[in-house]
K.L.:
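Dumping the structure here so I can ask a few things about it.
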Amino acid sequence: MRLQDKVAIITGAGRGIGQATAVKFVKEGAKVVVCDLTPESVEETLALCKETRGEAMGYAADVRDIKSLKDMVDATLAKWGRVDCLVNNAGIVADAQLKNMTEDQFDNVIGINLKGVFNCTKAVVDTMLAQQSGVILNSSSIVGLYGNFGQTNYAASKFGVIGMVKTWARELGRKGIRANAVCPGFIATSILGSIPEKVLNALEEKVPMGRLGRPEEIANTFAFLASDEASYINGAVIEVSGGLVI
């Protein structure tokens with residue numbers, strides 16, 4: 001198993017891509033901290049992890065709450081003694097055209113999707129530096145590369161986490177720590193729940209592969225990047241979109 005005995009913290013792991021990533025990681029032998037905002041979501045993912053006989057612990061935390069994140073890292077170290085990988089996956093949407101977007105909509109998305117990534121990484125970086133090893137993986141989006149109608153806040157946040165990865169790859173690479181970003185295309189998760197079926201069908205038609213992506217396909221990418229098989233990949237931005245932007 002490619003992640004045997006590695007310790008990973010995954011944020012936004014209560015559903016969708018984060019949940020699929022947690023399950024994939026435990027299947028690959030990792031010890032996983034399932035982090036999400038609500039205890040109910042954490043418990044749901046933990047149950048799925050236990051079905052695979054994987055080793056996991058849950059932690060309900062808001063990525064905007066630095067103290068809570070530090071407590072989570074302390075609990076992880078107390079249980080398993082190290083942190084090998086952080087998957088910064090927690091994120092929200094609050095879409096509106098620029099002329100209609102409120103300050104709260106902008107601030108909430110930036111606070112979770114961008115500042116939350118900074119907070120989580122700050123919480124683990126000292127541990128990784130002490131180990132002289134670690135992997136930081138940011139969940140971005142093709143929207144962070146190309147923009148999207150009605151998503152000023154989301155595009156800005158996802159572009160920002162790519163900038164963080166590029167910077168951390170330079171700063172931390174000499175210390176044995178790799179940083180990379182994954183940019184999913186349109187993935188069949190609840191985040192698309194508010195989009196009308198007609199629009200979803202149109203999106204599928206734009207994808208050369210003719211379908212939306214599955215959360216497991218993004219999870220597979222994260223698992224590869226977290227593994228020693230990706231030991232020379234640092235500062236990369238990998239699109240997983242079915243060829244949507246060709």
Side-chain angles (χ1 to χ4, degrees), residues 1-63 65 68-91 112 116-117 119-128 130-131 133-139 161 177-182 184 187 189-190 214-231 240:
M1 293 186 284
R2 60 172 47 159
L3 300 178
Q4 187 66 47
D5 295 327
K6 292 186 182 293
V7 177
I9 296 173
I10 302 171
T11 68
R15 61 180 181 172
I17 290 171
Q19 185 176 83
T21 301
V23 172
K24 174 66 175 178
F25 273 43
V26 295
K27 285 181 178 179
E28 292 287 353
K31 301 170 183 177
V32 172
V33 179
V34 174
C35 175
D36 203 86
L37 184 61
T38 64
E40 296 79 12
S41 297
V42 169
E43 289 301 319
E44 179 181 325
T45 301
L46 281 177
L48 293 174
C49 291
K50 289 174 182 176
E51 286 178 8
T52 70
R53 298 184 180 178
E55 195 169 351
M57 64 176 276
Y59 204 95
D62 187 331
V63 296
D65 182 354
S68 179
L69 298 173
K70 289 180 178 177
D71 289 345
M72 176 179 64
V73 173
D74 287 343
T76 304
L77 294 174
K79 186 174 181 65
W80 290 315
R82 59 187 298 109
V83 179
D84 296 295
C85 180
L86 168 67
V87 181
N88 284 308
N89 176 71
I112 292 172
V117 170
N119 290 342
C120 291
T121 309
K122 278 283 286 183
V124 304
V125 70
D126 285 344
T127 296
M128 290 184 175
Q131 296 168 176
S133 67
V135 180
I136 300 163
L137 301 175
N138 286 357
S139 183
V161 301
I177 301 167
R178 297 186 290 110
N180 295 293
V182 175
I187 309 300
T189 68
S190 60
R214 297 186 298 271
E216 293 77 14
E217 292 173 310
I218 308 304
N220 292 341
T221 307
F222 279 133
F224 166 69
L225 290 172
S227 76
D228 293 339
E229 294 173 4
S231 58
V240 187

K.L.:
Looking at Ala75 and Met57, what are the two nearest heavy atoms and their distance?
P.N.:
CB-CE, 4.1 Å

K.L.:
Can any side-chain N or O of Gln19 pair as donor or acceptor with the backbone N or O of Gly14 at less than 3.5 Å?
P.N.:
yes

K.L.:
Considering all heavy atoms of both residues, which atom of Asn88 and which atom of Cys120 are nearest to each other, and what is their separation?
P.N.:
OD1-CB, 3.2 Å

K.L.:
Using every non-hydrogen atom in the two residues, find where Ala226 and Phe25 come nearest and quote the distance to one decimal.
P.N.:
CB-CZ, 3.8 Å

K.L.:
With heavy-atom distances below 4.5 Å as the criterion, would you say the side chains of Ser68 and Tyr59 are in contact?
P.N.:
yes

K.L.:
At what distance, to the nearest 0.5 angstrom, does OG1 of Thr52 lie from NZ of Lys24?
P.N.:
11.5 Å

K.L.:
So Val63 and Ile112, do their side chains get closer than 4.5 Å, heavy atoms only?
P.N.:
yes

K.L.:
Arg178 side chain to Leu225 main-chain N or O, any donor-acceptor pair under 3.5 Å?
P.N.:
yes

K.L.:
Closest approach of Met128 and Ile177, non-hydrogen atoms and distance?
P.N.:
CB-CD1, 3.6 Å

K.L.:
Would you please name every residue forming a side chain to side chain donor-acceptor pair (under 3.5 Å) with Asp84, sequence neighbours left out?
P.N.:
Arg82

K.L.:
Under 3.5 Å, sequence neighbours excluded: what are the donor-acceptor pairs made by side chains of residues 1-8?
P.N.:
unit_1	atom_1	unit_2	atom_2	d
Arg2	NH2	Glu229	OE1	3.1
Lys6	NZ	Asp228	OD1	3.3

K.L.:
Would you compute the distance between atom OG1 of Thr11 and atom CG of Leu86 and round it to the nearest 0.5 angstrom?
P.N.:
6.5 Å

K.L.:
Do side-chain atoms of Asn89 reach the backbone of Gly12 as a donor and acceptor pair under 3.5 angstrom?
P.N.:
yes

K.L.:
Considering only heavy atoms from C-beta outward, does the side chain of Ser139 approach that of Val161 to under 4.5 Å?
P.N.:
no

K.L.:
Would you say that Val182 contacts Asn180 through its side chain, given a criterion of any heavy-atom pair below 4.5 Å between the two side chains?
P.N.:
no

K.L.:
Can you measure from CD1 (Ile10) to CD1 (Ile17) and round to the nearest 0.5 angstrom?
P.N.:
12.0 Å

K.L.:
Write down the atom of Ala61, the atom of Leu69, and the distance for their closest heavy-atom approach.
P.N.:
CB-CD2, 4.3 Å

K.L.:
In chain order, what residues pass the salt bridge (charged side-chain N to carboxylate O under 4.0 Å, His left out) check against Glu217, with sequence neighbours excluded?
P.N.:
Arg211, Arg214

K.L.:
What is the distance from atom CG of Asn220 to atom CD of Glu216, rounded to the nearest 0.5 Å?
P.N.:
8.0 Å

K.L.:
Using side chain to side chain contact (heavy atoms under 4.5 Å, CB included) as the criterion, point out the one residue from Leu77, Val83, Thr76 that pairs with Trp80.
P.N.:
Thr76

K.L.:
Taking the side chain as everything from C-beta on, heavy atoms only, tell me whether Asp36 gets closer than 4.5 Å to Glu44.
P.N.:
no

K.L.:
Shortest non-hydrogen contact from Gly54 to Val26?
P.N.:
CA-CB, 3.9 Å

K.L.:
Report yes if some heavy atom in the side chain of Phe222 is under 4.5 Å from a heavy atom in the side chain of Cys85; otherwise report no.
P.N.:
no

